Structures are given as structure tokens and as C-alpha cells.
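None of these values were measured; they are calculated from a predicted model. Atoms within each ligand, like the ligands themselves, are counted from 1 in listed order.
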Amino acid sequence: MSDQYAVIGNPIGHTKSPLIHGLFAQETGQDMTYVAIEGPVEPADAFADTVRAFIAAGGKGMNITAPFKLQAFAMADERSERAALAGAVNAMKFEDGRVIAENFDGVGLVRDIEVNLNQPMSGKRVLVLGAGGAVRGALLPFLGARPAQLVVANRHVDKAQALVEQVAAGGTLTACGYAELDSMGPFDLVVNATSASLTGQLPPVPPSVFGARGTAYELAYGKGLTPFLRLARNAGVQGIADGVGMLVEQAAEAFAWWRGVRPQTRAVIDRLTVPLD
Ligand code: ATR
């Protein structure tokens with residue numbers, strides 16, 4: 001029987017993961033299946049039961065999406081450092097009955113920015129908007145890319161501050177509110193990791209944060225020219241991107257972790273790209 005993998009979430013109808021992993025498996029010649037599972041939201045322990053049933057049926061690994069990333073974290077036997085910092089898990093591997101947990105969202109994002117968009121972060125000024133789960137997962141990989149400065153801005157500054165203190169990365173990493181961004185000048189990279197775009201809203205970011213030669217990155221995927229990207233474009237930013245590359249790159253990281261072979265991502269990203277306008 002082929003090795004079995006799945007993505008679990010609720011709702012799950014929108015997921016691109018089976019398509020992405022199907023294309024990876026084809027390209028690398030791996031004998032595996034990958035399906036989408038709609039996980040139970042209630043009762044509280046039903047999620048873990050569903051995962052255990054998948055393992056009992058021979059499952060080798062899973063991707064985890066909303067709203068189960070915290071429950072996946074809780075049920076894991078082993079967690080990587082970045083999963084531990086994120087407090088959330090987006091990929092699991094099952095070995096000898098043990099659940100090993102990872103979070104590839106942040107590394108996928110860094111890889112998309114540095115490799116696909118060709119914008120190395122080393123020595124650059126980087127601004128991240130938001131302080132939710134997406135940012136928690138991204139901080140360690142971002143710091144690993146050695147920016148000169150990494151600023152996390154959030155409406156509730158205390159939330160950003162708490163994150164920064166948790167990482168304790170010295171002077172490189174700082175937290176602030178949106179009002180303070182006014183006096184900080186342009187950044188080389190601005191990443192919108194808030195959930196504002198999901199509801200068509202704009203985080204209260206001043207246009208002065210955008211540099212003409214910089215990059216504006218919207219974590220959301222397939223939402224077109226969001227208010228954030230529109231603001232960046234109007235401010236003269238040349239490089240604007242949404243999260244399609246991150247989506248494919250985090251999948252490639254999980255695939256390589258599971259199968260020991262790294263798939264090509266360019267053709268898959270091109271296939272999934274929805275034009276911004
Ligand atoms: P998750 O953990 O799933 O990423 P979350 O914890 O709800 O989700 O985080 C969402 C992030 O988007 C938060 O940083 C939130 O800001 P606050 O913590 O200040 O609430 C941010 N966010 C949501 N809507 C926003 C908006 N309209 N403008 C600015 N930030 C917004």
C-alpha cells in the first residue's frame with residue numbers, strides 16, 4: 001500500500017495541499033497518497049482521536065490547518081524549537097507510535113522571500129505587522145535570516161512586546177504600535193501577517209514604511225490586491241507579493257521532512273498563482 005498523508009482542518013474544502021503534494025509526489029516519483037480530512041471541532045478530544053485513527057490506519061504524516069494548530073501542538077510527543085516558540089504546529093510525522101511536530105510556516109515564508117523573490121533579508125530593515133500565531137511562527141526563521149532590524153508592530157502593543165521578550169534576541173528585534181511607525185522611515189521588507197486582509201481591512205500602517213525599492217508581502221493568498229498591497233503599490237513599491245509562494249514552500253519543507261527528497265516548487269507556484277489584479 002502507498003504511504004498515506006493528509007491535511008486536517010475545518011473547514012477544509014478550500015485546501016490546496018492535496019494538489020500541491022500530489023504534484024510533488026509525481027515530480028519526485030514518490031509512492032504516496034495525500035487526502036483532505038475535515039476534522040471534528042467538538043468534543044475537545046475528538047481531534048486527537050481522529051489523528052490517532054489515521055495513525056492506526058497506517059498514516060505517516062499530516063499537515064494541520066485552522067483551527068487545529070494548537071491542538072496538534074498539545075498532542076505532540078516531540079516538538080521542534082520553532083514549533084515550541086510558535087505554540088502551534090502545521091506538520092506532524094508519525095514514527096513508532098510517536099507524534100513528532102513541526103512548524104514550517106516561517107521557514108516557508110523566508111524561503112519564498114529570499115529564494116523565489118530574490119530578496120535576502122541579511123542586513124535589511126524588516127517590518128512585520130501583527131502579533132498572532134503567524135508571526136510567532138515566523139520570528140525565529142526571520143531572525144535566522146539576520147536582518148539588521150526586525151520590528152513587530154501590532155494594535156495591541158503588549159502582545160507584540162510579549163512575543164519579543166519570549167524570543168530575547170537582543171537589540172535586533174523590537175515591538176511597537178502603529179503610531180510609532182510614522183517616525184521610523186522606510187523598511188526594505190514589510191510583511192502583513194495580520195488577519196485584516198481576510199475581512200478586507202487595512203492595518204493602520206503609514207505609507208512612509210514603504211521604500212520604493214522595497215518589498216511588500218501579504219501573507220494571505222488568493223485575495224488579489226488587498227488594501228495592504230494597494231497601499232504599498234500607491235506608495236511606489238515595485239515588489240509586491242501574496243502568500244502563494246509561502247504556501248508551496250512550507251509544503252515543500254514538510255514533503256522533504258517526510259520523504260527525504262526536496263521537490264521543485266517553481267512550477268507549482270506558477271500553477272497556483274492567482275493574478276493580483
Ligand atoms: P492567529 O493567531 O490565527 O494569527 P490572531 O491571534 O487572532 O490570529 O491574530 C490576528 C492578528 O491580526 C493580530 O495581531 C491582530 O491584532 P491585535 O492583536 O492587535 O488584535 C491583527 N489584526 C486583525 N485585524 C486587524 C486590523 N483590522 N488591523 C490591524 N491588525 C489586525
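Annotation: ligand 1 has protein neighbours Gly130, Ala131, Gly132, Gly133, Ala134, Asn154, Arg155, His156, Lys159, Tyr178, Thr194, Ser195, Ala196, Gln201, Pro203, Pro204, each with a heavy atom less than 4.0 angstrom from the ligand.
Using a 4.5 Å heavy-atom threshold, the side chains of Thr172 and Leu143 count as touching. Counting only heavy atoms from C-beta outward, the side chains of Gln250 and Asn90 approach each other to under 4.5 Å.
Between Phe104 and Trp257, the ring planes are perpendicular. Angles over 60° get that label, and only those under 30° would be called parallel.
The ring pair (Phe, Tyr, Trp, His ring centres under 6.0 Å) pairs that include a residue from residues 62-89 are Phe47-Phe68, where partners are two or more places apart or lie in different chains.
Side-chain polar atoms of Tyr217 and Asp112 form a donor-acceptor pair below 3.5 angstrom. No side-chain donor from either of Thr33 and Gln4 sits under 3.5 Å from a side-chain acceptor of the other.
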